[in-house]
Amino acid sequence: MRRPPLYLYYESRFKSKALGAFVMPLVAVSAVFLAWLTFVQHMNRIAPIIPALQSFWMKLHVPMMFVSYANFTIASLVGLAYILADRSRRSGGGGILARALPSGEIMDNMMSKAIALGFLLFTIATILGAVWAAKAWGGFWSWDPKETWALIVWLNYAGYLHARTSKGWRGKQMAWWSFMSLWVVTFCFLGVNLFLSGLHSYGKL
C-alpha cells in the first residue's frame, strides 16, 4: 500500500521513515471504510449534483478542507508516536521504540508545522465556505452542525498554537493535545454527517 503524498513530504523533510508505521494503519482503515461505502452503501453510483454544489467555490473549499484534515491527522499520529516513544524511553525495556523513532524535538517540531499549515488552510477554507454559503443559502453562517463543529476544530487548534507560541508549551503535553484532537477532527469530518443532519448532509454522508 502506497504512503499518502502529504505524509511523504513530511517524511522527506524531517527524515522520519519510521513514523510511517503510525500513518499506514490509518490509511488501511480508510481503505476499508471506502470499500464499505462502495459495496455496502453503494455510494459509488453517480447521481445528479444538487444546485448548491454546482459552484466554483466547491473546487476551492472542499480540496482545501481535505488537505487541512490530512495535516491535522498526521500531527495527531505523530503525537501518538511521541507519547509511545516517551513511555518506551521511561520504561525499563531499553527504549527500543524511542531509538527507532526520531527524537522528541523532531516529532514536536513536525507536529507543530503540520498543525500550523493545517490551521492556515482550514481558516481559509472556512472563509471560502462562508462565501459559498452566502451565495447558496443567503447567509454566511447558520450554525449548521457542520459549521458548529468546524468552529470547534478551529478553536481547538487556535488554542494549541497559542499555547505553543505564547506560553511556550512543548513536549508530551502538546503531543497529547495533538493526539486527542484527532477525535474532534474525525467527528467534524465524518461524525456530523453520520449522526447529525443539516445543510451539509448530502445523501448518506
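Worth saying up front: this structure is predicted, and the values here are computed from it rather than measured.
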Taking the side chain as every heavy atom from C-beta outward, state whether [X] and [Y] have any pair of such atoms under 4.5 Å apart.
X	Y	result
Phe179	Val78	no
Trp183	Ser76	no
Thr186	Phe189	no
Thr126	Met65	yes
Met111	Tyr160	yes

Indicate, with yes or no, if the rings of Phe119 and Tyr157 have centres closer together than 6.0 Å.
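No - the distance between ring centres of Phe119 and Tyr157 does not fall below the 6.0 Å cut-off.
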Is a side-chain donor or acceptor of [X] paired with a backbone partner of [Y] at a separation under 3.5 angstrom?
X	Y	result
Lys172	Ile83	no
His61	Ala125	yes
Thr148	Asp144	yes

Does a sphere of radius 6.0 Å around CD in Glu105 hold more than 12 heavy atoms from other residues, nucleotides or ligands, not counting ones at 6.0 Å or beyond?
no
So Phe122 and Phe72, would you call those rings parallel, tilted or perpendicular, with 30° and 60° as cut-offs?
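Because their plane-to-plane angle lies in the 30° to 60° range, the rings of Phe122 and Phe72 count as tilted.
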Holding to side chain to side chain donor-acceptor pair (under 3.5 Å), I want the full list of residues that pass it with Trp169, two or more places apart in sequence or in another chain.
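In terms of side chain to side chain donor-acceptor pair (under 3.5 Å), with neighbours along the sequence ignored, Trp169 is linked to no residue.
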Set of side chain to side chain donor-acceptor pair (under 3.5 Å) partners for Ser181, sequence neighbours left out:
Asn156
Heavy-atom closest pair, residues [X] and [Y]:
X	Y	answer
Ser68	Gly118	CB-O, 3.3 Å
Met107	Ala85	CE-CB, 4.1 Å
Val184	Val153	CG1-CG2, 3.8 Å

Please tell me whether Thr123 and Trp154 have a donor and an acceptor in their side chains that are separated by less than 3.5 angstrom.
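Yes - a donor-acceptor pair under 3.5 Å links their side chains.
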Of Leu117, Ile115, Asn109, which is the lone residue that meets side-chain contact (heavy atoms from CB on, under 4.5 Å) with Lys113?
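Exactly one option meets the side-chain contact (heavy atoms from CB on, under 4.5 Å) with Lys113, and it is Asn109.
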Out of Thr73, Val67, Ile74, which one pairs with Asn71 under the side-chain contact (heavy atoms from CB on, under 4.5 Å) rule?
Val67
Residues passing the salt bridge (charged side-chain N to carboxylate O under 4.0 Å, His left out) test with Asp108, sequence neighbours excluded, are Arg164
After noting the C-alpha distance and the side-chain angles of Ser178 and Tyr82, does the key distance pass the side-chain contact (heavy atoms from CB on, under 4.5 Å) rule?
CA-CA 10 Å; Ser178 179; Tyr82 187 107; over 6 Å; no
